[in-house]
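As the structure is a computational prediction, the values presented were derived from the model and not from experiment. For the numbers below, each heavy atom of this structure counts, side chains included, while hydrogens, waters and symmetry mates do not. Protein chains get the first letters and strands the later ones, always in sequence-line order, with residue 1 at the start of each.
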Amino acid sequence: MTLRLFNTLTGQLDEIVPSDGKALRMYACGPTVYDYGHIGNFRTFLQVDVLRRYLKLTGMRMLHVMNITDVDDKIIRNASAAGVPIGDYTPRYVDAFFEDLDSLRVERPEQVARATEHIAQMVSLIQKLAEAGAAYKTDDGSWYFRLKAFPEYGKLSKKDLSGMEDGARVDVDEYEKDSARDFALWKAAKPGETAWDTPIGRGRPGWHIECSAMAMEYLGESFDLHAGGEDLMFPHHENEIAQSETVTHKPLARHWMHVRFLLVDGRKMSKSEGNFYTLRDLLLKGYKASAIRLALISVPYRHQLNFTFDGLTEATNAIDRLRTFHQRVTKGSFPAGSNPALQAAAGKARTEYMAALANDLNTAEARAPIFDLIRTANTAIDQGQFLAGDRDAILAVLADFDAVFDVLEDRDDEPTRRALAWAEQSGRMAEVAPELLARQSLTDEAIDALVAERTLAKRQRNFARADQIRNELAEKGIVLEDAKDGVRWKRK
RNA sequence: GCACCGGUGGCGAAGUGGCUAACGCGCAGGUCUGCAAAACCUGUAUUCGCGGGUUCAACCCCCGCCCGGUGCUCCA
């Protein structure tokens, strides 16, 4: 089913199809690596992940490029505060970023592009802009984009800047921009700052130019889809369009997708508000990576998501239900045959699921038929009407669900252990929730041993001892389930 | 100030001009169980911020108001 996705440029739902008939060429703005990523960053990356996973599920191939901004003012500021060159400062955060993406099971783009490795392409683009009369150099050696050279400026964010002329501009000061709204393409080197010697002078790139240069390098002058957080719409994406289209006279991207910001406890997340969380903060509080993933993708990307700890608990419990059912179907043994009612229910669930996602990636709506199917199938199992031939039909629907949501398999231990190791190594153990330490204090083997002891005690009808073991485990966040075919346990 | 988005049950959150207002979580009762857990069943909004209007019919369309959020500057 063809995805209909809201296009910021046209203001309507447009179909997503590869213009070359082969792979969807997509550019998504990546991180600026000056610190650890926060959950707001990851909501955007997760929603882009939902997009690409859904498209792949429909059989589309992807050519997805993501930039890494590894030179900018904040990086220079932080690196200089740390007393190291930026080349020594950023790798740690690049690594951390990819580690966090792994924790959240965000797929890697086909191509990752670092700003510092594409200086030549940026310089070349600035030269072309200069030839076109759209770029000019100021006396300090910086280059600016002349906004007047691009009359369509504002078409993405629907801003009409025509009324915002600078008024009486006194004679052009050679040290200043022609117009207040002109933006930097290239910043002249200041003493001690990282800089490149190039044909247009010694300096470093402005922020916007990297995306134009790298997008065109890997995707061509015009490509299918450009995505990013809503804040990037203006001025970043608007500037990208201006820089690129002034040179190519072609639309940079046909389709623009913007992910809305999240709120935390109903307010904008900010360090000064005290509601600022990195992924690592949450893992150290004991929340599972899968729950964070589900919480951040369950509200459709165009809606404001209010992030709360209650919401994470909700997601944790929802995942529990999904996984319990998945295990039940996978491991259970059922009578031969197949149940037409269940087959039909599976088919209906899959159709509704795919249709919901095709409708502007409505993840909230897409969950509903999956949970409906779970209830139907659970009822059938309880009544002995779930037959062996139904297993594959149900599992196939779950597989499609998981192709996008990716929370069914319990892979939560690794991110948590990684976060703990990081906390230890960076002296943050004080931030670790005691419950988490308790939960991680027992190895799988130790738990299995206790469970075996309890099973024996139960067989001997020594329920006091059996309950004692169960309570001990419960205190450490281990929950037991006595099923017909044995005991299951899980870390809460 | 200008612009945009949203206000649906205890919480989160879909949704449509007319069918019982999805789904998840939570809570209460029941079935099952040594007791639990899991699972299932039943109940949890006669009602969709407030006031008008259009319509045979509005939560969904229009107008006004109130509240919350966001953008207009670096920001995912």
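- Taking atom CZ of A/Phe325 as the reference point, atom C1' of B/C40 lies 13 Å away to the nearest angstrom.
- The P atoms of B/C66 and B/G24 are separated by 38 Å, rounded to the nearest whole Å.
- We find that CE of A/Met233 is positioned 14 Å from P of B/C75, with the value rounded to whole Å.
- Closest to the A/Trp207 side chain, of the nucleotides B/C72, B/C75, B/G15, is B/C75.
- Close placement of the A/His237 and A/His226 rings is indicated, their centers lying within 6.0 Å of each other.
- In this structure, A/Asp72 reaches neither bases nor backbone, as no heavy-atom distance under 4.0 Å exists between it and the strands shown.
- Using C1' as the reference atom, B/C41 and B/C32 are 12 Å apart when rounded to the nearest Å.
- What separates CZ of A/Phe276 from P of B/C75 is a distance of 14 Å, to the nearest Å.
- Checking A/Thr44 against A/Val479, the closest nucleotide of RNA chain B that is more toward the 5' end is the one next to A/Val479.
- When the C1' atom is compared between B/A58 and B/G52, the two are found 14 Å apart, to the nearest whole Å.
- Taking only side-chain atoms of A/Arg267, from C-beta outward, the nucleotide of B/G68, B/C74, B/A38 with the closest atom is B/G68.
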Please tabulate, for the side chains in residues 368-379 of chain A, all donor-acceptor contacts under 3.5 angstrom to protein atoms that are two or more places apart in sequence or on a different chain.
{"unit_1": "A/Asp372", "atom_1": "OD1", "unit_2": "A/Arg375", "atom_2": "NH2", "d": "3.2"}
{"unit_1": "A/Thr376", "atom_1": "OG1", "unit_2": "A/Asp372", "atom_2": "O", "d": "3.0"}
{"unit_1": "A/Asn378", "atom_1": "OD1", "unit_2": "A/Arg328", "atom_2": "NH1", "d": "2.5"}
{"unit_1": "A/Asn378", "atom_1": "ND2", "unit_2": "A/Ile374", "atom_2": "O", "d": "3.4"}
{"unit_1": "A/Thr379", "atom_1": "OG1", "unit_2": "A/Arg375", "atom_2": "O", "d": "2.9"}

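- Remark on RNA chain B: of its neighbouring residues A/Pro235 and A/Arg328, the 5'-side contact belongs to A/Arg328, judged by nearest-heavy-atom nucleotide.
- Using a cut-off of 4.0 Å between Lys/Arg side-chain N and Asp/Glu carboxylate O, A/Arg470 and A/Asp467 are scored as salt-bridged.
- Aromatic ring centres of A/His118 and A/Tyr218 lie closer together than 6.0 Å.
- Nucleic acid contact for A/Leu262: base, since at least one base atom lies under 4.0 Å from a heavy atom of the residue.
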Quiz item: What would the secondary structure line of RNA chain B be in dot-bracket form, counting Watson-Crick and G-U wobble pairs under 3.5 Å, with [ ] for pairs that cross earlier ones and | for pairs with another strand?
Solution: (((((((..(((.....[....)))((((((.......))))))....(((((..]....))))))))))))....

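- When the C1' atom is used for both B/G9 and B/A21, the distance is 10 Å, rounded to whole Å.
- Salt-bridge annotation for A/Asp102 and A/Arg108: present, with a side-chain N of the basic residue lying under 4.0 Å from a carboxylate O of the acidic one.
- Atom NE2 in A/His237 sits about 12 Å away from atom C1' in B/C75, given to the nearest Å.
- Going from the C1' atom of B/A38 to that of B/U33 covers 11 Å, rounded to whole Å.
- Between A/His38 and the choices A/Phe276, A/Phe307, A/Phe45, A/Phe261, the ring pair (Phe, Tyr, Trp, His ring centres under 6.0 Å) rule is met once, by A/Phe276.
- Contact annotation: A/Thr308 side-chain N/O to B/C11 OP1/OP2 distance is not under 4.0 Å.
- Looking at A/Asp73 and A/Lys187, a side-chain N of the basic residue comes within less than 4.0 Å of a carboxylate O on the acidic one, giving a salt bridge.
- Inspection of the A/Ser298 and A/Arg367 side chains reveals an N or O donor paired with an N or O acceptor under 3.5 Å.
- At whole-Å resolution of the value, CG in A/Leu305 and P in B/U70 are 14 Å apart.
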Self-check item: Chi angles and distances behind the salt bridge (Lys or Arg N to Asp or Glu O under 4.0 Å) call for A/Glu435, A/Lys476
Solution: CA-CA 7 Å; A/Glu435 309 86 73; A/Lys476 299 193 167 177; over 6 Å; no

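- As judged by a 4.0 angstrom heavy-atom cut-off over every strand, A/His303 is placed among residues touching the sugar-phosphate backbone only.
- For the residue pair A/Asp412/A/Ser290, the side-chain donor-acceptor check at 3.5 Å is satisfied.
- Within 4.0 Å (heavy atoms only), A/Gly40 reaches at least one base atom of the nucleic acid.
- A/Tyr36 and A/Asp281 form no side-chain donor-acceptor contact under 3.5 Å, judged by distance and modelled atom types alone.
- Among the protein residues, A/Gly37 comes within range of no part of the nucleic acid, since none of its heavy atoms lies under 4.0 Å from any strand.
- Between A/Asn378 and B/A39, a side-chain N or O to OP1/OP2 separation shorter than 4.0 Å is absent.
- As judged by a 4.0 angstrom heavy-atom cut-off over every strand, A/Val299 is placed among residues touching the sugar-phosphate backbone only.
- The C1' atoms of B/G43 and B/G7 are separated by 27 Å, rounded to the nearest whole Å.
- Between the C1' atom of B/G69 and the CD atom of A/Glu230 lies a distance of 10 Å, rounded to the nearest Å.
- Separating the CZ atom of A/Arg181 from the C1' atom of B/U73 is a distance of 9 Å, rounded to the nearest angstrom.
- Using C1' as the reference atom, B/C61 and B/C56 are 16 Å apart when rounded to the nearest Å.
- Comparing B/A13 with B/C65, their P atoms sit 27 Å apart, to the nearest whole Å.
- In this structure, CG of A/Leu104 is placed 16 Å from P of B/A76, rounded to the nearest angstrom.
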Exercise. List the protein contact pattern of nucleotides 21-35 of chain B with one symbol per nucleotide (5' to 3'): B for base contact, S for sugar-phosphate-only contact, - for none; contact means a heavy-atom distance under 4.0 Å.
Key: -BSBSS-------BB

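- Of the charged side-chain nitrogens involved, at least one lies within less than 4.0 Å of a carboxylate oxygen, so that A/Glu99 and A/Arg280 count as a salt-bridged pair.
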